[in-house]
S.K.: 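To start, I am sharing the structure in question, which I have written as structure tokens.
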Amino acid sequence: MSKKFKEYNGLNLPELAEDILTFWKDEKIFEKSISIREGAEPFVFFEGPPSANGLPGIHHVMARAIKDIFCRYKTQKGYKVDRKAGWDTHGLPIELGVEKELGITKEDIGKKISVEAYNEACKKAVMRYTDVWNKVTESYGYWVDMDDPYITYKSKYMETVWWILRQIWDKDLLYKGYTIQPYSPKAGTGLSSHELNQPGTYQDVTDTTVVAQFKAEINTLPGFLNSYGDVHFLAWTTTPWTLPSNTALTVGPKIDYVLVKTFNQYTFEPVNVILAKNLVGYQFSGKYEEVEAIEALDTYEEGAKKIPYYILKDFKGAALEGIRYEQLLPYALPNDNPENAFRVITGDFVTTEDGTGIVHTAPTFGADDAKVAKEATPEVPPLLVKDENDNLVPLVDLQGRFRPEMGEFAGKYVKNEYYDDGDAPEKSVDVELAIKLKTENKAFKVEKYVHSYPNCWRTDKPILYYPLDSWFIKVTEFKDRMFQLNQTINWKPKATGEGRFGNWLANANDWNLSRSRYWGIPLPIWRTEDGKEAKCIGSIEELEAEMQRSVDAGFMEKVLFEDFVIGDYSEENYEKADLHKNIVDEIILVSDTGQPMKREADLIDVWFDSGSMPYAQWHYPFENKEKVEKTWRKADFIAEGVDQTRGWFYTLHAIATMLFDDVAYKNVVSNGLVLDKDGQKMSKRLGNAVDPFETLKMYGPDATRWYMISNANPWDNLKFDSDGIAEVRNKFFGTLYNTYSFFSLYANLDEFDYSEEDIKLERRPEIDRWILSELHTLVQKVDEAYADYEPTRAARAISLFVQENLSNWFVRLSRRRFWKGSYGEDKISAYQTLYSCLEVVTRLGAPIAPFFMDRMYKDLTAGVVKKGQESVHLSNFPVADASYVDKELEEKMHRAQTISSLVLSLRQREKIKVRQPLQKIMIPVLDASEKSAIEAVSDLIKSEVNVKEIELIDEGSGILVKQIKPNFKKLGPHFGKDMKAVAQVIMNFGQEEIAQLEKDGEISVIINEKNTTLTIDDVLISSQDIEGWLVANADGITVALDVTITPKLKKEGIARELVNRIQNIRKDSGFEVTDRVDITIQDDAELQPAVAENLDYIKQETLTEVLQFESEVVNGTEIAFDEVATRLRIKKH
RNA sequence: GCGCGUGUAGCUCAGGUGGUUAGAGCGCUGCACUGAUAAUGCAGAGGUCCCAAGUUCAAGUCUUGGCAUGCGCACCA
């Protein structure tokens, strides 16, 4: 007999996946899944490029599973889903990796190693792990076209990025400006926040701190302050070297401040000082002493142990706004609008945790300071002065030294750590400044203070916050538009889009594009020395033309990339024009007025690279212009980790908004983190990182993917526990595999191949119609879940169907139909039904478990007349047919399950095993419809719980004990406060009241001394009990069980036990399912009458021809149950 | 510190618009089943639904405030 349906000896998921992978490769299934949809509507997916510089982790598997699921789903839905892979190749991590490898530092670049060689090394390093990435991609079944990926360091890609920047330039959204950035004077470079977050960067240091006294200009004091003579503001700083650059004091508008009269501890002069009320105790600790009366101050003598202080007045910070004060250290004035400097402004960031509640504000050296100064009206100018070249510079130069304007401090490093070893003076400028302030009655307090401060991770010297020149995109100009557009994007989860991303957009700052690096896309901006003329280059063609002009003007000897052919878009041609820093820095262009122009030295933020991918991956607009504009401009779907909210999600959105005034993606899934099973972040350091290849080897890709998707929503963090994968493997895949095995075993025996016409639905038995109804409900549910980007819901619904409905109920109850009786309509219906369920499940589950489902789909469709597709991934997604759905039937079956469960629990309680037949169960029913509903499934219940009859009892029987409960939902709104009393009254109803209520439909009661009428709808009545019977109830259903075991029933029970034993022996003896046998049993008083009475049944069940008793059966198999103990022998007939 | 999440059984998670027995799976205990069997079924034990206050006749569910935890941002006189 040829086996149409493949049978297996066990489930090996990893092996199965490898076979299917080979099949996919050999038959080019991925390619076909796209080519068969040629001409169909495209579903656009963008791949967020990973960096191949690091090894893939299990979280990448998670992210890629999500991407893959929806692309496969949409393919099955008939879309054409092109999936172009990509690689992110630029950026700091790559530079750092290379430097570590070569044993060099950034200072060595251009000295020990040429920029060219350095970049070459980066280029090599970045693709180092591509093989591993390709392997993980392939073996976990992530379908993406890796043969033609976009690579960000390729000239074509870079050219598009230049073109984009040129568009932004033309829209006047690019500018050069100052921003306060972490800066390492020793290394001469700005540091990124990434570099600042390196471990060990922040260290505890001891600094000299000063609480300075800023003297208010009396004529600007408000009325409530102008009668006390001189008034000083107290402001604290841990960086006294920034005090000469102070241009404002910031107070919290809602903070309470006080004016305090006291004496300066260094000069002993009487002073009035202002500080936050909360911090009086902190600043006036130690030798200070509060006095109750102002007169007490008069007794103070210079040098006395205790310094008295007296609080004169309190007020809100807002009242101080606008007061002007004398410059503390008048070495230089701000170049711009000095008249707006040296006044009190307000800022919400001010706290009273330490210091004085008044913040010394130096906009040139603090990011917050710069921000609050800029926001003040009028703007507070930063302390910038003109240098020798008329450029505006701060009072500290790029080496970290005070400028000449600083008098006696000129030329000194602001931190002693910046001096070469041994050259540092004894007193740092902080200390010297403190002394100077003390003597000038400008220091209220000077002390050492320990705090954490960042050091440059390369030079190990303190960093400075320093204003640096950078190129910015004026995001603030279009952030409102970005916010609006964002509201049209479907975010999963919603909160990330509305909250995290929305807030981020609402508060977006200008985008700092500049990076002082080597390996990246250079800014295509050339400027004249004075910065007055600039050009932004948007293509190689344009660059060539500009170079030609430069050659003509005599600034360059020859045009670079001479043999580059404009308009030739071949790879070979583009390899001739490398646009990296080492090349383009050589280029000098000529301005419109004939001045030489040099390239701005910085590179472009790598996030700009990846945000450009929708266009750059197609070399737009140089190639594929129409393709991009028509379809590829925006993605239907993207997915990455939440950490990309401010990264890729943002840059895509910003660039699309600027370029096209549109979104870059319509649906976005931002997935959470993958943690270890204890909820700890995975890291190499802790050794709890999960190797995707080990997991793959152990469980295979399908169980891993199914586990990750079904266990938690993608946007929740996943606590990754491989025990969970094992569970999924056993419970879900094991059950599905078993169900298939069951099907194939009998289908092969019966040579079922679906060659018959479909049995009409109305001719199929209840159970078939039920499972088909459940199946179509499932299709509907799963389709909706996928369409709504809810893979977890889809996976859970499929699992539930397979495990509970299909395996545990349909197959279990239908088993006999497959192996009993002839190949007739009922049997064919059973096969058709089970086949349909399995086949549909493979198509529903294919996006999540692509290997397993393909295997099963292929095995199923290979065995039937009507062949399927070559692969499940080339099939169409099932369509839910509402005509199959019968909610009432589903409800009935649910009731049957509840009833069965109740009966089984009663049996359990009475210790009566299921094999012992019982006579009857009784179920109270309230009305005719309930009655017929149970009757429809009564056969199923009877066979499931092994009882002979079901008696449905209604009103008339008079044996029901009813229970009544208030219908809170109905009564609540009506009775309100009296609800409790009403509930009490109803609960106290006896059988009589219930009967009356049922008869009349209403009953009058007294609630809180008021007469009221309750109707039948106000309560819920259920039959909870039957007098004198063993009952159980759940979900409003009550079941009573007749536990009497008559001699006849007892004999039947024995017969069933015997059948069971015979079946076991048959199986153990290795008989075929179809073998006919003869049985000899040793005499047994208990057994013989039972056999006699059930002979036909026994023979039929066990395919026995001759069954006889003998007084002695030698070599028989011993059997024993209940009171039976005997031997029997089975042989083939 | 700010922003966004999360907090339900030992573990992993469900619990439309508030309604009175808070569920599932795993694990645990017991019992069954055994021609789907590296399975399976049933039952049982196990919960101050993070805490507190509030709104309400009624709160796991709504409001406010805490606590814990995760992520992102900011690094601050």
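In what follows, every chain begins at residue 1, and chains take the letters A, B, ... in the order their sequences are listed. What you see below is based on every heavy atom in this structure, not just the backbone, and it leaves out hydrogens, waters and symmetry mates.
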S.K.: Can you check the distance between B:A59 and B:G1, where both ends of the measurement are the P atom (answer in whole Å)?
M.R.: 33 Å

S.K.: In whole angstroms, how far is the P atom of B:C71 from the CG atom of A:Asp716?
M.R.: 14 Å

S.K.: Using the C1' atom in both, what is the distance from B:C57 to B:C71, to the nearest Å?
M.R.: 41 Å

S.K.: I want to verify a distance call: between B:C4, B:C33, B:G25, whose nearest atom is closest to the A:Glu727 side chain?
M.R.: B:G25

S.K.: Without decimals, in angstroms, what is the distance between A:Ile463 CD1 and B:C76 C1'?
M.R.: 12 Å

S.K.: Among the candidates B:A36, B:U12, B:C13, find the nucleotide nearest to the side-chain atoms of A:Ala712.
M.R.: B:C13

S.K.: Please check if any side-chain donor atom of A:Asn748 sits under 3.5 Å from a side-chain acceptor atom of A:Glu7, or the reverse.
M.R.: yes

S.K.: Could you tell me which nucleotide pairs with B:A59 by Watson-Crick or G-U wobble geometry, both distances under 3.5 Å, or answer none if nothing does?
M.R.: none

S.K.: Could you state the atom-to-atom distance from CH2 of A:Trp706 to C1' of B:U12 in whole Å?
M.R.: 17 Å

S.K.: Counting heavy atoms from C-beta on, name the nucleotide in B:A36, B:C13, B:U12 closest to the side chain of A:Asn711.
M.R.: B:U12

S.K.: Whole angstrom is fine here: how far is it from CZ in A:Phe732 over to P in B:A24?
M.R.: 21 Å

S.K.: Which nucleotide, if any, forms a Watson-Crick or G-U wobble pair with B:C76, using both distances under 3.5 Å?
M.R.: none

S.K.: Between A:Glu790 (CD) and B:G16 (P), how many Å, whole number?
M.R.: 14 Å

S.K.: Hey, what's the ring geometry for A:Phe720 with A:Tyr707, parallel, tilted or perpendicular (30° and 60° as the breaks)?
M.R.: perpendicular

S.K.: Angle class for the A:Phe732/A:Trp706 ring planes (parallel below 30°, perpendicular above 60°, tilted otherwise)?
M.R.: parallel

S.K.: Side chain of A:Tyr465, heavy atoms from C-beta onward: which of B:A36, B:C76, B:C33 has the nearest atom to it?
M.R.: B:C76

S.K.: Starting at NZ of A:Lys719 and ending at P of B:G25, how long is that distance when rounded to a whole Å?
M.R.: 21 Å

S.K.: Return the nucleotide paired to B:G23: Watson-Crick means purine N1 to pyrimidine N3 with N6-O4 or O6-N4, wobble means G-U with N1-O2 and O6-N3, both under 3.5 Å.
M.R.: B:C13

S.K.: Would you say the base of B:C73 stacks on A:Trp504 (centre-to-centre below 5.5 Å, plane angle below 30°)?
M.R.: no

S.K.: Which nucleotide, if any, forms a Watson-Crick or G-U wobble pair with B:C49, using both distances under 3.5 Å?
M.R.: none

S.K.: Main chain of A:Ala362, side chain of A:Asp369: is a donor-acceptor contact present, judged purely on distance under 3.5 Å?
M.R.: yes

S.K.: Rounded to whole angstrom units, what separation is found between the CD1 atom of A:Ile358 and the P atom of B:C76?
M.R.: 21 Å

S.K.: Once you measure the plane-to-plane angle for A:Phe214 and A:Tyr325, does it fall in the parallel (<30°), tilted (30-60°) or perpendicular (>60°) bin?
M.R.: perpendicular

S.K.: For B:A38, which nucleotide is its Watson-Crick or G-U wobble mate, given both distances must be under 3.5 Å?
M.R.: none

S.K.: With sugar-phosphate meaning primed atoms plus P, OP1 and OP2, does A:Arg815 contact a base, only sugar-phosphate, or nothing at under 4.0 Å between heavy atoms?
M.R.: base

S.K.: Using a 4.5 Å cut-off on heavy atoms from C-beta on, say whether the side chain of A:Leu736 contacts that of A:Leu838.
M.R.: yes

S.K.: Searching all strands shown, indicate the nucleotide that pairs with B:G5 (Watson-Crick or G-U wobble; both distances under 3.5 Å).
M.R.: B:U69

S.K.: What nucleotide among B:C75, B:A36, B:A14 has an atom nearest to a side-chain atom of A:Asn713?
M.R.: B:A14

S.K.: Taking atom C1' in both B:G25 and B:C51, what distance in whole Å separates the two?
M.R.: 29 Å

S.K.: For the P atoms, the ones on B:C33 and on B:G41, what distance do you get once it is rounded to whole angstrom?
M.R.: 15 Å

S.K.: List in chain and number order the residues that pass side chain to side chain donor-acceptor pair (under 3.5 Å) with A:Trp491, two or more places apart in sequence or in another chain; answer none if no residue qualifies.
M.R.: A:Asn486

S.K.: Which of these nucleotides, B:C13, B:G70, B:A39, is closest to any side-chain atom of A:Asn717?
M.R.: B:G70

S.K.: Angle class for the A:Tyr8/A:Tyr740 ring planes (parallel below 30°, perpendicular above 60°, tilted otherwise)?
M.R.: tilted

S.K.: Where the side chain of A:Phe968 is defined as all heavy atoms beyond and including C-beta, which of B:A36, B:G19, B:A39 is the nearest nucleotide?
M.R.: B:G19

S.K.: B:U8 and B:G15: how far apart are their P atoms, nearest whole angstrom?
M.R.: 14 Å

S.K.: So A:Asn1060, base contact, sugar-phosphate only, or nothing? Heavy-atom distance under 4.0 Å.
M.R.: sugar-phosphate

S.K.: Considering only the C1' atoms, how many Å lie between B:C62 and B:G70, rounded to the nearest integer?
M.R.: 25 Å

S.K.: Name the nucleic acid region contacted by A:Thr237, choosing base, sugar-phosphate or nothing; use a 4.0 angstrom heavy-atom cut-off, strictly under.
M.R.: sugar-phosphate

S.K.: Compare the minimum distances between each of B:A36, B:C13, B:C75 and the side chain of A:Phe742, then state the nucleotide with the smallest one.
M.R.: B:A36

S.K.: Report the residues that fulfil side chain to side chain donor-acceptor pair (under 3.5 Å) with A:Thr496, sequence neighbours left out, ordered by chain and then residue number.
M.R.: none

S.K.: Which residue in the set A:Tyr466, A:Phe365, A:Tyr465 passes ring pair (Phe, Tyr, Trp, His ring centres under 6.0 Å) when paired with A:Trp241?
M.R.: A:Phe365

S.K.: The side chain of A:Ser807 is closest to which nucleotide in this list: B:A36, B:A39, B:C33?
M.R.: B:A36

S.K.: For the side chain of A:Asn503, starting at C-beta, report the closest nucleotide among B:A36, B:G3, B:C33.
M.R.: B:G3

S.K.: Rounded to whole angstrom units, what separation is found between the CZ atom of A:Phe649 and the P atom of B:C71?
M.R.: 17 Å

S.K.: Output yes when at least one side-chain N/O atom of A:Tyr737 is less than 4.0 Å from OP1 or OP2 of B:A38, else no.
M.R.: no

S.K.: Which part of the nucleic acid, if any, lies within reach of A:Tyr650 when heavy atoms closer than 4.0 Å are counted: base, sugar-phosphate only, or nothing?
M.R.: nothing

S.K.: Could you tell me if the ring centre of A:Phe818 sits under 6.0 Å from that of A:Phe743?
M.R.: no

S.K.: If the P atom of B:G19 is compared with that of B:C26, how far apart are they to the nearest Å?
M.R.: 28 Å

S.K.: Output one line per pair: protein atom, nucleotide atom from nucleotides 41-45 of chain B, and distance, for all N/O pairs under 3.5 Å.
M.R.:
unit_1	atom_1	unit_2	atom_2	d
B:A43	OP1	A:Ser901	OG	2.7

S.K.: Rounding to an integer number of angstrom, what distance separates B:G16 and B:G23 when you compare their P atoms?
M.R.: 14 Å

S.K.: Identify the nucleotide, in any strand shown, that forms a Watson-Crick or G-U wobble pair with B:G44, with both distances under 3.5 Å; if there is none, say none.
M.R.: B:C28

S.K.: Pick the closest RNA chain B nucleotide for A:Thr735 and for A:Tyr707 by heavy atoms, then say which residue is nearer the 5' end.
M.R.: A:Tyr707

S.K.: Would you mind telling me which residue lines up with the more 5' stretch of RNA chain B, A:Asn738 or A:Thr250, judged by nearest nucleotide?
M.R.: A:Asn738

